[in-house]
2 protein chains.
Amino acid sequence: MLDHLAVLDLRFRALADAGRRQMLDRLVDGPATVSQLAAPLRMTLAAVVQHVQVLESSGLVRTRKTGRVRTCSIDADALRATEQWLADRRTTWERRLDRLGTVLDEQPRPTSTTRHDREQGPLT
Amino acid sequence: MLDHLAVLDLRFRALADAGRRQMLDRLVDGPATVSQLAAPLRMTLAAVVQHVQVLESSGLVRTRKTGRVRTCSIDADALRATEQWLADRRTTWERRLDRLGTVLDEQPRPTSTTRHDREQGPLT
DNA sequence: ACTATAGTCAAGTACATGCTTGACCATTTG
DNA sequence: CAAATGGTCAAGCATGTACTTGACTATAGT
């Protein structure tokens, strides 16, 4: 249930590489084989396979092997969920600004009264 | 112009860490000092400062030092832009599915007619 | 002035990532 | 069947990341 955490790690990490994003960009236009993904990249096939594994274990891409060919395609739900994570944060921030009258005090809100408090908050 | 690429690397990498995401979650509720961000985390202050630097150089967070206190806050534009990158890909994918009649051939689309073609696509 | 607070800097360390090479296996295709 | 194609596996290596510790600086409170 709470490797929800790890999933976000994997998804964002998968996205944090220009080569992998380029593969994703190819994949939004439709499924492609590993070799097709490799074609525009200056990298060995082996390297591309590793990137595909990263994308797959992040859940952003699913793959299926037929004969000797592995076909990759986007998992839209994963994409949507990741987008949503960002959207949630953004809207929380924006709601807060609205509540405050758009531009006013940007003072750091004190966490409690004074001294060093060390509670353990739940991970997010 | 095209370190646009590097910016996305930095943003997604910044997001690919549970600790940093937790800081972001704190920050959407309003600006906070480094110590306030550190409080719920089991990490030295020095480590937190390094995370803040990662967040700042990704552009997701801006900071300002007043006296001895550094105050951090969300940069909503950066958040929005990152969200938008995902949204663009998702909608491209969805438009494609619509065009195809929602569930039909998921065959890998041949890049052109037959044999090994090696064009150079633009980076993304 | 004296002490605590808030943060900074510079090493150093352990582990993760991105890539390569080279051997290898499984399917096509001539 | 033989050769080409598409992909896989396992090292190995260079760099990057996520910390830690310990020394140090700049402000604030008493």
Side-chain angles (χ1 to χ4, degrees), chain A residues 5-6 8-23 31-58 61-72 107-118 123, chain B residues 5-6 9-23 31-58 61-72 107-108 110-118 123:
Chain A
L5 260 187
L8 281 174
D9 274 35
L10 291 173
R11 297 219 167 138
F12 284 122
R13 181 146 278 134
L15 290 165
D17 178 278
R20 273 175 324 242
R21 285 197 305 276
Q22 195 175 340
M23 297 183 196
T33 69
V34 174
S35 301
Q36 286 173 346
L37 291 179
L41 301 166
R42 309 204 216 123
M43 226 184 277
T44 60
L45 224 207
V48 172
V49 169
Q50 288 172 71
H51 282 301
V52 168
Q53 281 164 359
V54 170
L55 286 167
E56 184 165 24
S57 61
S58 82
V61 163
R62 284 191 295 131
T63 81
R64 199 188 152 200
K65 191 159 184 179
T66 314
R68 64 182 167 175
V69 174
R70 179 172 299 276
T71 302
C72 310
Q107 304 314 313
R109 196 196 74 187
T111 304
S112 107
T113 36
T114 10
R115 256 181 287 271
H116 40 69
D117 28 38
R118 303 258 139 181
L123 287 188
Chain B
L5 262 185
D9 275 35
L10 291 173
R11 297 220 167 137
F12 284 122
R13 193 167 299 282
L15 290 165
D17 178 278
R20 277 183 311 252
R21 285 197 305 276
Q22 196 175 342
M23 296 183 197
T33 69
V34 174
S35 301
Q36 286 173 345
L37 291 179
L41 300 167
R42 309 205 214 117
M43 225 184 279
T44 60
L45 224 208
V48 173
V49 169
Q50 288 171 70
H51 281 301
V52 168
Q53 282 163 0
V54 170
L55 287 167
E56 185 166 24
S57 61
S58 82
V61 162
R62 285 190 296 130
T63 81
R64 199 187 152 201
K65 194 160 183 178
T66 314
R68 65 183 167 175
V69 175
R70 177 171 301 275
T71 301
C72 310
Q107 303 316 313
T111 303
S112 118
T113 37
T114 10
R115 256 182 285 270
H116 39 69
D117 29 40
R118 304 259 139 178
L123 289 187

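Letters A, B, ... mirror the listed sequences (proteins, then strands); counts begin at 1.
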Problem set entry | Distance, nearest 0.5 Å, that separates CG of B:L45 from CD of B:Q50 | 11.0 Å

Problem set entry | Nucleotide nearest A:D17 (side chain, heavy atoms from C-beta), chosen from D:dT8, C:dG7, C:dC19 | C:dC19

Problem set entry | Separation of atom CZ in B:F12 from atom C1' in D:dT17, rounded to whole Å | 19 Å

Exercise. Out of D:dC19, C:dT20, C:dA4, which nucleotide sits closest to the side chain of B:A47?
Worked result: D:dC19

Considering only distance and modelled atom types, tabulate donor-acceptor pairs under 3.5 Å from the side chains of residues 9-20 of chain A, sequence neighbours left out.
| residue | atom | partner | partner atom | Å |
| --- | --- | --- | --- | --- |
| A:D9 | OD1 | B:R21 | NH1 | 3.0 |
| A:D9 | OD1 | B:R21 | NH2 | 2.7 |
| A:R11 | NE | A:S58 | O | 2.7 |
| A:D17 | OD1 | A:G19 | N | 2.8 |
| A:D17 | OD1 | A:R20 | N | 3.0 |
| A:R20 | NE | A:A14 | O | 2.9 |
| A:R20 | NH1 | A:H51 | ND1 | 3.1 |
| A:R20 | NH2 | A:R13 | O | 3.0 |

Problem set entry | Distance, nearest 0.5 Å, that separates OG1 of A:T33 from CZ of A:R68 | 11.0 Å

Exercise. When the nearest nucleotide of DNA chain D is assigned to B:A46 and to B:V54 on a heavy-atom basis, which residue is associated with the more 5' position?
Worked result: B:V54

Problem set entry | Interatomic distance, A:E56 atom CD to A:C72 atom SG [nearest 0.5 angstrom] | 7.5 Å

Problem set entry | Atom-pair distance (NZ on B:K65; C1' on D:dA26), nearest Å | 7 Å

Exercise. For the pair made of CZ in B:R20 and C1' in D:dC19, what is the distance, rounded to whole Å?
Worked result: 12 Å

Exercise. Do B:R70 and B:V49 come within less than 4.5 Å of each other through their side chains, counting heavy atoms only?
Worked result: no

Exercise. Could you give the CD-to-P distance, from A:Q53 to D:dC9, as a whole number of Å?
Worked result: 7 Å

Exercise. Does B:H51 put a side-chain nitrogen or oxygen below 4.0 Å from OP1 or OP2 of D:dT17?
Worked result: no

For this session: Measure from the side-chain heavy atoms of A:T44 and tell me the nearest of C:dT20, C:dT5, D:dC19.
Result: C:dT20

Exercise. With no angle test and no hydrogens, is the base of C:dT8 tied to the side chain of B:Q50 by a donor-acceptor pair under 3.5 Å?
Worked result: no

Exercise. Within this structure, what is the CG-to-C1' distance between B:L45 and D:dA18, rounded to whole angstrom?
Worked result: 16 Å

For this session: Using five base pairs at each end, measure the axis-to-axis angle across the helix from C:dA1-D:dT30 to C:dG30-D:dC1 and round it to 10 degrees.
Result: 30°

For this session: Take atom CZ of A:R13 and atom C1' of C:dC15, then tell me their distance rounded to the nearest Å.
Result: 12 Å

For this session: When you get a sec, tell me which of C:dC19, C:dG7, C:dG18 is the closest nucleotide to the side chain of B:R70?
Result: C:dG7

Exercise. Residues two or more places apart in sequence or in another chain: which of them pass side chain to side chain donor-acceptor pair (under 3.5 Å) with B:S57?
Worked result: none

Exercise. Could you give the CE-to-P distance, from B:M43 to D:dT17, as a whole number of Å?
Worked result: 16 Å

Seminar exercise, completed: On a heavy-atom basis, the closest approach of A:L41 and A:L37 is CD1-O, 3.5 Å

For this session: Calculate the interatomic distance between B:L37 atom CG and C:dG7 atom P; express it in whole Å.
Result: 9 Å

